Q: 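The structure is given below, and queries will be raised subsequently.
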Amino acid sequence: QLQLVESGGGLVQPGGSLRLSCALSGFGRFGLDYYAIGWFRQAPGKEREGVSCISGTDGSGFYADSVWGRFTISSDPAKNTVYLQMNNLKPEDTGVYYCAAAEEPIVIHIATMLGDMRYWGKGTLVTVSS
């Protein structure tokens, strides 16, 4: 059973940066490249939304319009870890951030990929406030 653990959340001022990590374990037969890994967030009182995703097939990154140019997703297969570098943070970026995994092959669409995810972490809280 694939397991995901997020870390790196915290309190940051507007304009600041954070790097979230998603550590994966329990792969069984397949490695990190068998999965697309997505980052999602959920603000208080709002639905969970897709933020970014990295393809296991070719390492391509995908982003929601709201974070384009500010967030960067990457992976380190040697550490079985996926990162989300978040720069120029805004108060509207506040929420619980979750990573999730979907078995490849999938067609990645940020707006709809939530339904493709099979495995989820428990989340890490990001608060952007002065």
Side-chain angles (χ1 to χ4, degrees):
Q1 179 79 4
L2 191 65
Q3 297 179 342
L4 299 88
V5 178
E6 303 94 337
S7 61
L11 173 64
V12 63
Q13 292 186 341
S17 297
L18 283 174
R19 188 177 78 159
L20 305 184
S21 298
C22 174
L24 296 98
S25 61
F27 284 98
R29 293 178 56 194
F30 304 106
L32 185 59
D33 58 0
Y34 185 68
Y35 299 92
I37 307 299
W39 282 98
F40 299 79
R41 67 187 179 192
Q42 188 164 17
K46 294 188 176 181
E47 294 185 352
R48 194 171 298 187
E49 63 175 356
V51 174
S52 183
C53 187
I54 187 165
S55 167
T57 302
D58 62 8
S60 299
F62 299 80
Y63 302 92
D65 289 345
S66 59
V67 306
W68 185 269
R70 300 189 296 123
F71 290 13
T72 302
I73 193 168
S74 62
S75 68
D76 185 342
K79 296 182 178 180
N80 289 327
T81 301
V82 174
Y83 303 99
L84 186 68
Q85 177 68 43
M86 306 187 297
N87 298 328
N88 190 22
L89 283 160
K90 304 176 181 181
E92 52 264 40
D93 294 318
T94 294
V96 179
Y97 281 69
Y98 302 88
C99 63
E103 296 172 352
E104 293 278 18
I106 67 167
V107 178
I108 297 173
H109 294 291
I110 292 294
T112 60
M113 66 178 182
L114 188 148
D116 294 317
M117 299 296 160
R118 181 176 178 182
Y119 305 96
W120 288 86
K122 295 183 178 180
T124 184
L125 177 62
V126 172
T127 304
V128 184
S129 175
S130 55

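Everything quoted here is computed from the prediction, not taken from an experiment.
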Q: Nearest 0.5 Å, what's the CE-CD1 distance between Met117 and Ile37?
A: 7.5 Å
Q: Atom CG of residue position Asp58 - does it have more than 12 heavy atoms of other residues, nucleotides or ligands inside 6.0 Å?
A: yes
Q: State the CG-OG1 distance between Leu20 and Thr81, to the nearest 0.5 angstrom.
A: 12.5 Å
Q: Salt-bridged, Glu49 to Arg41, with N to O below 4.0 Å?
A: yes
Q: So, does Glu6 use its side chain to make a donor-acceptor pair with the main chain of Gly123 at under 3.5 Å?
A: yes
Q: If the condition is ring-ring contact (aromatic ring centres under 6.0 Å, His included), which residues does Phe40 pass it with, not counting sequence neighbours?
A: Trp120
Q: Can you classify the ring geometry of Tyr63 versus Trp68 as parallel (below 30°), tilted (30 to 60°) or perpendicular (above 60°)?
A: perpendicular
Q: Kindly write out the residues that satisfy side chain to side chain contact (heavy atoms under 4.5 Å, CB included) with Val128, not counting sequence neighbours, or none if the list is empty.
A: Val12, Pro14, Leu89, Pro91, Asp93, Thr94, Val126
Q: What distance separates Tyr35 OH from Thr57 OG1, expressed to the nearest 0.5 Å?
A: 12.5 Å
Q: Check the hydrophobic clustering (I, L, V, M, F, W, Y; side-chain heavy atoms under 4.5 Å; chains of links allowed) and say if Leu32 and Tyr98 are grouped together.
A: no
Q: Roughly how far apart are Lys122 NZ and Gln3 CD, rounded to 0.5 Å?
A: 9.0 Å
Q: Determine whether Ile108 and Val51 fall in the same hydrophobic cluster, where Ile, Leu, Val, Met, Phe, Trp and Tyr are linked whenever their side-chain heavy atoms lie under 4.5 Å apart.
A: no
Q: For Tyr83, does its backbone N or O pair with a side-chain atom of Ser21 as donor and acceptor, under 3.5 Å?
A: no
